[in-house]
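Below is one structure, written out as structure tokens, with a few remarks after it.
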2 protein chains.
Amino acid sequence: MAKRSNAKVTTHDVAKRAGVSQPTVSLVLSRNPKARVAEGTRERVIQAATELGYRPNLLARGLVRRKSFSLGLIVPDLKDPFFADVASGAERVASDEGFALLLCDRRGNGSLRHIEALRGRQIDGVIIDAAAAAALPAGALDGLDVVLIDQPDGAWPGVASDAESAGRLAAEHLLGLGHRRFAFMGPAADVHTFRMRERGFVKALRAAGLGLEASLLRRGPATVTGGMESMRALNALSAPERPTAVFCANDLMALGAHKQCATQGVRVPADLSLVGCDDIEMARLVTPELTTVSVPAREIGARAARLLVDPRTVGGVATPRSRMLPVKLVVRGSTAPQQAR
Amino acid sequence: MAKRSNAKVTTHDVAKRAGVSQPTVSLVLSRNPKARVAEGTRERVIQAATELGYRPNLLARGLVRRKSFSLGLIVPDLKDPFFADVASGAERVASDEGFALLLCDRRGNGSLRHIEALRGRQIDGVIIDAAAAAALPAGALDGLDVVLIDQPDGAWPGVASDAESAGRLAAEHLLGLGHRRFAFMGPAADVHTFRMRERGFVKALRAAGLGLEASLLRRGPATVTGGMESMRALNALSAPERPTAVFCANDLMALGAHKQCATQGVRVPADLSLVGCDDIEMARLVTPELTTVSVPAREIGARAARLLVDPRTVGGVATPRSRMLPVKLVVRGSTAPQQAR
DNA sequence: CATGTGTGCTAATACGTATTGGCAAGCTGC
DNA sequence: GCAGCTTGCCAATACGTATTAGCACACATG
């Protein structure tokens, strides 16, 4: 019967109880494959450990092994459902593999402080959004195992979705519905995923012989508020100039745009078709439901964690191939065939 | 100029460079107040540490101090915006105080495994939702500094919102609009906050001489899906039996209900007034916007972390008073005066 | 000059685990 | 009977920091 004792039990306590030395306990419990331990001894040690409720002190273990069995996760904003999903996926893998996940919400700020704190904790790797990584001073990540959320940048591997396809799928869907006058809204900031979504969208339009006028390219933060403001600007255009379909860099923007249309009496999808990207849970809660491109956010987090946890890829032994996960168009109610005006 | 060296710099390295012994470095850098160090020595040590880019190894420090400067956070589901907010608040405080936040998403499961892992990491405290704590085997939290999210349970302090007032505010708002036929939807599970929201709601109805029939008390998980199903059941009632106003245990349910009404053509608020609870960001994105009771989720997380970080409250020296944070009714578009039928 | 009194530093040790080298005992083979 | 091997264990040490006890010195005091 395992005792749940309050006082901390060490390998020394176990050793005493089993009548062996401390190193022997360590040999048995750390399952060192090259350890030679008699079967009887092994059993006595395990028995004693169980009885005392021994639990290894990972700080001590980390100190000598130079490995802390913990990962850092730096996200731009945990309240963004996309990153909450990423975190959720990363936590799952980390936890399953015996790693702790140290959460850092940079809340839009720089992440140098977080990085330094993580270093002090001797983390085995860090998952960080590419925008944060790019904003760091040179060398800030030296010596760390890094996986980027978003495209790789040469120095570090990254896990991302196929953003260009996302844009293309949105465009092709809207083109197929007969739309000819498009707008795009997204941040100017240097986030690769957003750039690629835009590029994929624009390229598909070009392929159809269409373009995107400057006034129909709205720059703003990829947030609900950003979406509302961009949409307000579009709605302020004179009727012939107004787009009939809008692709938004992510669902938060799209939901903001959606809301703005509702507020201003612009009917979605009758007056305007709207496509988002990410497929966050909320996309199904608005009416009409948001057509969007589904991105496997949890899987992105999970894969990023797995790259850092997998002994075959850590330490650059085998440079992990970066991962580009497929996306899928999800047609819902916010898009409809272009109506004659 | 601080060098960013890849190799780890220890106090020994700093000592050598400054021409002093390792303990002296430790005395200087740990800012031990009772340490007597000559000003010149102190400066040389700091200079050397800066030049070498010294950063303390928190594993080693934790080992000897018996303190890891890290907190565990166990949430039922990170994808629930309420808990994402709690996590965000807790992370902010932890980070500001030099603590790491070890994130555990129990994803609806038991949390014993997570607790054990956190113990091994010698965490200084754990923030856990009360439902998870209650589901743990006896003694599973012994010897830990615990703060519950949700009401305290005698053994541990908790940080929560004034849930009974939330229910009462919702009821009074609806009563003031002339409603007389109410429904409530919420989980049967033993989450104190949800029980108190329900109780506050029912008590306020009673005070007005009204009650809640069994058929108008819908049990279901506090999720979007749960809200949709409960709403479907309510909509299936014959017209005279149907409520004119519904209070939902949280916003996720309310949004599910909101969506279900849109799907079934029940007009909100003309046919049905809807009140949620939490005031998550999404509440403002649906049309009509959701009337709800605002709960300071981030503040809850922040306070919980502060209780565990504050030297005046840790270790039970001064048992921290539990905190009950005020809530506020936010009237939006999902509620309206009762119409004659 | 002997005695006390701070001051500024260091030697030694502890924290709990992992690892290295080696010792003793039991074999094998000749 | 001795060299050589294997097996099973342990002594010693390392990881990087914090802390305790105490040393050497200067200075003041009698």
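Values below: every heavy atom of this structure, side chains too, minus hydrogens, waters and symmetry copies. Convention: sequence-line order gives letters A, B, ...; per-chain numbering from 1.
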>> On DNA chain D, compare the nucleotides closest to Ala60(B) and Pro23(B); which residue's is nearer the 5' end?
In response: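 That would be Ala60(B).
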> DNA chain D: Ala38(A) or Pro56(B), which has the more 5' nearest nucleotide?
Replying inline: Ala38(A)
Starting from [atom2] on [N], measure out to [atom1] on [X] and report it in whole angstrom.
X        : N       : atom1 : atom2 : value
Leu29(B) : dA18(D) : CG    : P     : 8 Å
Lys16(A) : dC9(D)  : NZ    : C1'   : 19 Å
Leu63(A) : dA14(D) : CG    : P     : 13 Å
His12(B) : dA12(C) : NE2   : C1'   : 12 Å
Lys67(B) : dT19(D) : NZ    : C1'   : 17 Å
Leu59(A) : dA18(C) : CG    : C1'   : 15 Å
Lys8(A)  : dG16(C) : NZ    : C1'   : 12 Å
Leu58(A) : dA18(C) : CG    : C1'   : 13 Å

Can you see if the side chain of [X] gets near the phosphate of [N] - specifically, an N or O under 4.0 Å from OP1 or OP2?
X        : N       : result
Ser21(A) : dC9(D)  : no
Thr11(B) : dG16(D) : no
Thr10(A) : dG16(C) : no
Arg66(A) : dG16(D) : yes
Thr41(A) : dC9(D)  : yes
Arg36(B) : dT7(C)  : no

> With respect to the side chain of Ser26(A), which nucleotide from dT19(D), dC10(D), dA18(C) is positioned closest?
Replying inline: dA18(C)
> With sugar-phosphate meaning primed atoms plus P, OP1 and OP2, does Val20(B) contact a base, only sugar-phosphate, or nothing at under 4.0 Å between heavy atoms?
Replying inline: sugar-phosphate
>> Just to verify, which of Asp145(A), Val147(A), Leu148(A), Val146(A) counts as forming a side-chain contact (heavy atoms from CB on, under 4.5 Å) with Pro157(A)?
In response: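 Output: one option passes, namely Val147(A).
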> Any donor and acceptor pair, going by atom type alone, linking the side chain of Asp150(B) with main-chain N or O of Ala160(B) inside 3.5 Å?
Replying inline: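 Here the side-chain-to-backbone pair does not exist.
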>> Keeping Glu91(B) on the side-chain end and Asp105(A) on the backbone end, is there a donor-acceptor pair under 3.5 Å?
In response: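 Side chain of Glu91(B) to backbone of Asp105(A), a donor-acceptor pair under 3.5 Å: yes, one is there.
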> Can you find a donor-acceptor N/O pair under 3.5 angstrom joining the side chain of Gln22(A) to the base of dA11(D)?
Replying inline: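 Counting by modelled atom types and ignoring angles, no donor-acceptor contact under 3.5 Å is found here.
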> Should Arg106(A) and Asp129(A) count as side-chain neighbours, where that means a heavy-atom distance under 4.5 Å?
Replying inline: yes
>> If you apply the rule salt bridge (charged side-chain N to carboxylate O under 4.0 Å, His left out), what do you find for Arg107(A) with Asp77(A), and how did you get there?
In response: CA-CA 5 Å; Arg107(A) 211 163 279 107; Asp77(A) 179 9; 5.6 Å; no
